[in-house]
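The structure under discussion appears below in the form of structure tokens.
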Amino acid sequence: MNSALTRTELTTKIEALRQQGICYVCHDLQTGELFGAQSVIYEDADFRVVLELHPRMVGHTIVLYKPHREDVSELTNSETAHVFQMCVKVIQAIKQALGAEKVYMVTMCDGPINHLHIQLLPRYPDEPIGSKRLVSPRGVLVDAEKTAAAIRQALH
Ligand SMILES: [Zn+2]
């Protein structure tokens, strides 16, 4: 299903929106123009959980908090609880569905006009432990529907 933009095309579009002072995530939530074909694991009024289009490993997942917040520092206490609870649920589902031993949780949201999102990066048994996983080379998303469905099924 995925005729996704290349990472370069995506970066160019995002930069163009930024120069107009537009948040690309809010823009995409309204139009579906950038990540329309992305595999959605879960969605409700506050969250969209998707597989990363250019993943560093199988199961690389993005938890997107829909209301516009530049980064975690803008969250209220109740939002923090809400966001963290969502991440924990997805982490548990990734472990159960994909057999990850650990799931690393990262949020940066650096640079101008950002929109809070959290990256979940699974580490599988026998893979090296440590922060090098955070900069593993990006690949192409394969078996997206199957992976998304497996995580979705394990979510509860
Ligand atoms: Zn936004």
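Each ligand, and each atom within it, is numbered from 1 in the order the structure gives.
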Next item on the list: Report yes or no: does His27 have an N/O/S atom closer than 2.8 Å to the Zn ion (ligand 1)?
Entry: no
Margin query: If I take the Zn ion (ligand 1) as the centre, what angle separates the SG atom of Cys23 from the SG atom of Cys26? Nearest 10 degrees is fine.
Written below: 120°
Checklist line | Atom pair NZ/CZ of Lys89 and Phe47 - distance to nearest 0.5 Å | finding: 9.0 Å
Item checked: His115, N/O/S atom nearest the Zn ion (ligand 1) -> ND1
Check: Any sub-3.5 Å donor-acceptor pair from Tyr24's side-chain atoms to Glu15's backbone N or O?
Finding: no
Margin query: Pairing donors with acceptors under 3.5 angstrom, does anything connect the side chains of Asp126 and Tyr124?
Written below: no
Margin query: So, of the N/O/S atoms that His68 has, which is the nearest one to the Zn ion (ligand 1)?
Written below: ND1
Note to self: Please check: side-chain N/O of Asp28 versus main-chain N/O of Leu34, any donor-acceptor pairing under 3.5 Å?
What the structure shows: yes
